[in-house]
Amino acid sequence: MSLAPEYIPLSTKGKRKLNGQPVAKPSSIAATGTVSSGSIPSGSTTTTTTTTVGTPQDDGNNDNWPQSLKDFVTNCFENVLEGRRKDLENHLRQIIHNAQGKGQLNEIDWDERKLPTACGSLPNPKSKKLASDEAVHTVKRQRLNTSQSAAVNSVAGSSALSGMSSMANALPQTKSIMRDIDLTPEEMYRREQRARRFEQPTRMSTGSPPLSRHSSPFDDGPNVAIVVGTCQDLEKPYFRLTSEPDPAAVRPLPVLEKTYDLLKEKWFQQENYTYICEQFKSLRQDLTVQHIQNAFTVKVYETHARIALEKGDLGEYNQCQTNLKHLYEKGIKGNRKEFIGYRLLYYIFSQDQKEMRYLLEELTTSIKKNKCVQHALRVRSALAIGNYHAFFQLYLTAPMMSGYLMDQFVDRVRMDALKTLCKAFSTGLSCSFICEELGFESMDDLSIFLRNHRIKHLAKKDAQGFRLDTKQALPILMESSRQYQKIDLKGQL
C-alpha cells in the first residue's frame, strides 16, 4: 500500500490562478461556423449559421482573431458529429480561452492543429502536413503497383496465379483498411499463400511444442520410436539433446536404479548439489527418452524435487513438480497429496491466482485431510485476510518440506507485516516484539533483515532495549518493498 499525496480537485481549492492572478471562469467565445453548400442536397437553400463563442476579454468580438483561427473554428463546425455540437462549443471555448490567456493566439499554427474529438478522427483540412503525407503515400502506392506488375510478369506461367487473377479481375478494385493497399490480383494471391501457412502447422525436429496446462511432457507424438539403452555407466554427464538419442549413450532401467541408489548415498555423504543436480537431470533424461513411466520414475522426480527445495533451486523444483503432476494424473502411485500441498505454496509464492483456482477446484475431501495440504490452505487463508500473526506461526510449524517453499516468500510477507506495524505504532516499536511477531529465529536474523532494507540505523537502544523508529522507517520500507513486486519464476514450464 503506497503513501500517495492526497489528490484535491481544483474546484475545492478556489479559482485556478494564472501567473499568480485569478482567472475568471470561461464564458462565451464568438466563432462563426459556415455550412458549405456541398453538404446540402440540390434544390435546398444554402444557409450560414453563426455560433457565438467569445471570451470576456473580447466581449464576443472576434475581429482580433487570426484568419487561421477563424478557419479552424469554421472547419470544426462543418465537421462536427451529430449530437456533439454542444461538446464542440465547450471544447473550443476552453482552447481559445487558454491560448488567449497565455498570449499565444497568434503564435499557434491553427492550420496544423488537430480537430477536437467532437469532430471524430477527421484531420484538419487546412493541414499542409496532411497533403504532404498523402503525396508520399501516392508515390509509394505507384511504386508498389509497379513492383507487383513486375512480379506478375515473372510468374505468368503459374496456373494458380492465373486462376487467382481471373477471379480477382471479376471483382471491383477496392482499398484495404490497412495502409491503403490496393487489392490487386497479385496482392490477393499473396494473402492466400500467407493464410495457407497456418492451416497445417509444422513442428521442428529438434524443438518441442509449448506445454499447455493439460499437456504432458511424456506424451508420445506420432511415429515416435522408443529407445532402449545399452550403456552400463552408473554416472554420466548431462547434455541437452539436439538430435535423436544414441542407444549406446542411454542407460537401461536396471542401471538407472543402481544410479539412483548411488546418488542418494553420495548426497548424504557429500551434499555436492552441483554434481547431484547434473546427475539427476541425466537420469531423468534417460527415463524420458525410453518412455519409462512407473513408480521408479515418480520416485526419481520426487527425490530431485526435495533436494532442489532444500537448496532453494526453484527452477529445478518447478520442472520436477510439473512432471510429477502429469505422472500422478496417469495413475502412477507416489506422494501425490504431499506435493499438492507444495504446489499450493508455490502458487502463493508466484501469485498465480489462475492456477491456484484450478487446483482448489480439484481438491477432494480426502486430499484436504493431508497435513501438507491443510497447512498450505491455512497459509493461503492467513494471507488473504492479512493475519500475519497466524502466518508466522504456520511458518514456524511447517510440516515436511513446506518450510523450504515458504522461505521463498517469507521476506515479502515480513515486509508487508512490518509496514502494517509501522503504521499502527507510529511512536516506535520494540525490536524484541518485531522479532517474535515476524518469525525470526534470533535478533541477529532481525538485524540482517533491517540492514538489508536500510533501516538498521533507526533501531536505537533505550532503557528497555532496542526500539525501532517506525515513523522514519515507514517511507524507507515503502520504497524498499518495490523489490518484491517482480517475481522470478525460474524453470517455469
Side-chain angles (χ1 to χ4, degrees), residues 203 205-268 272-311 313-336 338-340 342-343 346 401 490-493:
R203 287 179 54 181
S205 59
T206 60
S208 58
L211 293 175
S212 67
R213 197 175 70 86
H214 299 288
S215 63
S216 168
F218 299 101
D219 288 342
D220 299 342
N223 303 323
V224 176
I226 298 179
V227 177
V228 179
T230 60
C231 178
Q232 299 298 313
D233 297 335
L234 294 183
E235 300 172 271
K236 189 188 76 171
Y238 169 77
F239 295 104
R240 189 179 298 274
L241 291 177
T242 57
S243 60
E244 292 295 329
D246 181 8
V250 178
R251 294 164 292 186
L253 180 58
V255 178
L256 293 176
E257 291 174 343
K258 295 178 181 179
T259 298
Y260 173 76
D261 294 334
L262 175 65
L263 294 180
K264 282 201 308 180
E265 182 180 351
K266 284 198 171 186
W267 172 247
F268 290 132
N272 184 348
Y273 180 69
T274 302
Y275 164 80
I276 290 296
C277 183
E278 180 191 32
Q279 291 300 314
F280 263 100
K281 290 176 69 173
S282 177
L283 195 159
R284 287 162 41 193
Q285 185 182 69
D286 287 350
L287 288 171
T288 301
V289 298
Q290 296 178 97
H291 302 272
I292 299 174
Q293 303 173 35
N294 53 25
F296 175 72
T297 309
V298 171
K299 184 166 61 173
V300 168
Y301 276 98
E302 288 180 348
T303 303
H304 194 186
R306 291 191 177 96
I307 294 175
L309 273 183
E310 187 174 347
K311 290 300 180 179
D313 188 352
L314 285 188
E316 288 300 327
Y317 164 75
N318 189 43
Q319 292 183 28
C320 291
Q321 80 161 355
T322 304
N323 292 330
L324 282 171
K325 176 178 179 291
H326 297 296
L327 290 170
Y328 294 145
E329 289 174 350
K330 291 178 177 289
I332 304 174
K333 300 297 182 180
N335 298 292
R336 177 169 176 259
E338 174 191 348
F339 276 86
I340 286 179
Y342 298 158
R343 193 140 49 96
Y346 181 83
M401 307 291 292
K490 299 176 181 177
Q492 187 72 41
L493 292 182

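Hydrogens, waters and symmetry mates are skipped; everything else that's a heavy atom, side chains included, is used. Remember, predicted model here, so these are calculated numbers, not experimental data.
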With side-chain contact (heavy atoms from CB on, under 4.5 Å) as the criterion, how do Asn272 and Lys266 come out once you've worked through the C-alpha distance, each side chain's angles and the decisive distance to 0.1 Å?
CA-CA 8 Å; Asn272 184 348; Lys266 284 198 171 186; over 6 Å; no
Quick one: closest heavy-atom pair of [X] and [Y], and the distance?
X      : Y      : result
Leu256 : Leu287 : CD1-CD2, 3.6 Å
Leu324 : Tyr301 : CD2-CB, 3.5 Å
Pro245 : Val250 : CB-CG2, 4.3 Å

Using salt bridge (Lys or Arg N to Asp or Glu O under 4.0 Å) as the criterion, list what pairs up with Lys281, not counting sequence neighbours.
Glu316
Those residues that, when tested against Lys264, pass salt bridge (Lys or Arg N to Asp or Glu O under 4.0 Å) (two or more places apart):
none
Between [atom1] of [X] and [atom2] of [Y], what distance do you get to the nearest 0.5 Å?
X      : Y      : atom1 : atom2 : answer
Leu283 : Thr288 : CG    : OG1   : 9.5 Å
Thr322 : Tyr346 : OG1   : OH    : 7.5 Å
Leu327 : Lys333 : CG    : NZ    : 13.5 Å

Residues forming a side-chain contact (heavy atoms from CB on, under 4.5 Å) with [X], sequence neighbours excluded:
X      : result
Arg336 : Tyr328, Ile340, Ile367
Pro254 : Pro252
Asp233 : Cys231
Pro247 : Val227

Show every salt bridge (charged side-chain N to carboxylate O under 4.0 Å, His left out) that has at least one partner inside residues 296-310, sequence neighbours left out.
Arg306-Glu338
For residues 247-262, the salt bridge (charged side-chain N to carboxylate O under 4.0 Å, His left out) pairs (sequence neighbours left out) are Arg251-Asp286
Can you list the residues that meet the side-chain hydrogen bond (donor to acceptor under 3.5 Å, both in side chains) rule with Gln285, with sequence neighbours excluded?
none
Taking only residues two or more places apart in sequence or in another chain, which ones pass side-chain hydrogen bond (donor to acceptor under 3.5 Å, both in side chains) with Tyr273?
Asp313
Side-chain heavy-atom pair Ile307, Ile276 within 4.5 angstrom cut-off
yes
Does some side-chain heavy atom of Gln319 sit less than 4.5 Å from a side-chain heavy atom of Arg284?
yes
Residues that Tyr342 engages under ring pair (Phe, Tyr, Trp, His ring centres under 6.0 Å), provided they are two or more places apart:
Phe339
Checking Leu263 against Thr303 for the side-chain contact (heavy atoms from CB on, under 4.5 Å) test, could you report, in this order, the C-alpha distance in whole Å, the side-chain angles of both residues, the deciding distance, and whether it holds?
CA-CA 10 Å; Leu263 294 180; Thr303 303; over 6 Å; no
For residues 247-267, which residue pairs qualify under ring-ring contact (aromatic ring centres under 6.0 Å, His included), counting only residues two or more places apart or in two chains?
Tyr260-Phe296
I'd like to know if the side chain of Lys236 and the backbone of Ala249 have a donor-acceptor N/O pair within less than 3.5 Å.
yes
